[in-house]
There are 2 protein chains.
Amino acid sequence: MDDKKSCPDIEVLFELADLFKVFGDSTRLRVMVTLSDSELSVMEIAEALNMEQSTISHQLRVLRQNKLVRVRRDGKQMYYSLDDDHVKKIIEMGLDHILE
Amino acid sequence: MDDKKSCPDIEVLFELADLFKVFGDSTRLRVMVTLSDSELSVMEIAEALNMEQSTISHQLRVLRQNKLVRVRRDGKQMYYSLDDDHVKKIIEMGLDHILE
DNA sequence: CTAACATATGAACAGTTATTCATATGTTCA
DNA sequence: TGAACATATGAATAACTGTTCATATGTTAG
């Protein structure tokens, strides 16, 4: 039988809530949208959003821990990019709902 | 030109963050998943999740305000159901990410 | 090695949020 | 009308979270 649509158990829903929490912050969302265009360093992101380096770094950590972004070191800089296409799809789904 | 993929402006991203915040709570998520099977009254939801009526009622209000659930009165009871298919799709997208 | 730079991290604070308790609103039935 | 029931709401509290400041870690060039 196809099990994909069956009711996910409680533990998974807790994990899922944690994932959506990550999307539920405008700074993180803006970081993700910014990264959907191109790979960027921490400072480039901070400048693009006009926010402090520290703030962005803290939020990038959250995104990293949730496997929403990837990092690559190049010299002194760390270059971040979106981890997979789920990210874009989740954001688009959300936009669909908002834009009716 | 097709504009769908263009960078959403800041205001929209704030709205979007608010939407994802709603999904970022396990109680609300469980309510939504419970409602994906069938329309239920407040008490039925509370019993299904083994939580207080008041807690569920408060959270249903949040879901209502965000147009994620619909209500229908039948006598003393209020019957809630999911508002549209975006809800299920957003949850499924999230699950896809979690389950790798 | 050292200075200069990029990023990460810890502690603290302010603002937000989910839950609970108590109670109000609204509906049905006798 | 009044009692019983279902739901909604307000206030209070405890827990969580994002940002900032200060500083640590790590890298490169001289």
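Chain letters run A, B, ... following the sequence lines, proteins first and then strands; every chain starts at 1. We use all heavy atoms of the structure for the numbers below, so side chains are in, but hydrogens, waters and symmetry mates are not.
Phosphate contact (OP1/OP2 of C:dA6, side-chain N/O of A:S41, threshold under 4.0 Å): absent. In terms of phosphate contacts, A:Q59 brings no side-chain nitrogen or oxygen within less than 4.0 Å of OP1 or OP2 of D:dT17.
Proximity of a side-chain donor or acceptor of B:E92 to a complementary backbone N or O of B:K89 within less than 3.5 Å is not detected. With hydrogens and angles ignored, the 3.5 Å screen pairs no side-chain donor or acceptor of B:S57 with any backbone N or O of B:S54. Judged by distance alone, the side chain of A:R73 and the main-chain N or O of A:M78 form no donor-acceptor pair under 3.5 Å. In terms of modelled atom types and a separation under 3.5 Å, the side chain of A:R28 and the main chain of A:Q59 share no donor-acceptor contact.
We find that CE of B:M43 is positioned 10 Å from C1' of D:dC5, with the value rounded to whole Å. For A:E47 and C:dA6, the CD to C1' distance is 12 Å, given to the nearest whole Å. Straight-line distance from the CG atom of B:L49 to the P atom of C:dT19: 10 Å, rounded to whole Å.
Taking a 4.0 Å limit (strictly below) on heavy-atom distances, residues 70-84 of chain A reaches DNA chain C at A:K76, A:Q77, A:M78, A:Y80. Near-neighbour residues of DNA chain C inside residues 16-30 of chain B, defined by a heavy atom below 4.0 Å, number-ordered: B:K21, B:D25, B:T27, B:R28. Within a heavy-atom distance below 4.0 Å of DNA chain D, the residues of residues 61-69 of chain B found are B:R61, B:R64.
When the shell of 6.0 Å around CD1 of A:I10 is examined, it contains 12 or fewer heavy atoms from other residues, nucleotides or ligands.
A ring pair (Phe, Tyr, Trp, His ring centres under 6.0 Å) check over residues 79-100 of chain A, counting only residues at least two apart or in different chains, returns the pairs A:H86-B:H97, A:H97-B:H86.
Counting heavy atoms from C-beta on, the side chains of A:L13 and B:S26 never come closer than 4.5 Å. Taking 4.5 Å as the limit, some side-chain heavy atom of A:F23 sits within range of a side-chain heavy atom of A:M32. Under the 4.5 Å side-chain criterion, counting only non-hydrogen atoms from C-beta, B:P8 is not in contact with B:L16.
Interatomic distance, CG of A:L60 versus CG of A:L35, reported as 7.0 Å (0.5 Å rounding). Taken from CD in A:Q77 to CG in A:L40, the straight-line distance is 11.0 Å, to the nearest 0.5 Å.
Taking a cutoff of 4.0 Å between a charged side-chain nitrogen and a carboxylate oxygen, B:R72 and B:E39 qualify as a salt bridge. Note on A:D18 versus A:K21: salt bridge recorded, some NZ/NE/NH1/NH2 to OD/OE distance being below 4.0 Å.
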Within the sub-3.5 Å range, which N or O atoms of nucleotides 20-25 of chain D have a protein N or O partner, and how far apart are they?
residue : atom : partner : partner atom : Å
D:dT20  : OP2  : A:T55   : OG1          : 2.8
D:dT20  : O4   : A:H58   : NE2          : 3.2
D:dC21  : OP2  : A:E52   : OE2          : 3.3
D:dC21  : N4   : A:S54   : OG           : 2.7

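Across all non-hydrogen atoms, the minimal contact from A:V69 to A:R64 is CG2-N, 3.6 Å. Contact detail for A:N66 and A:V62: the closest heavy-atom pair is ND2-O, 2.9 Å.
Rounded to 10°, the angle separating the first-five-pair axis and the last-five-pair axis of the helix from C:dC1-D:dG30 to C:dA30-D:dT1 equals 30°.
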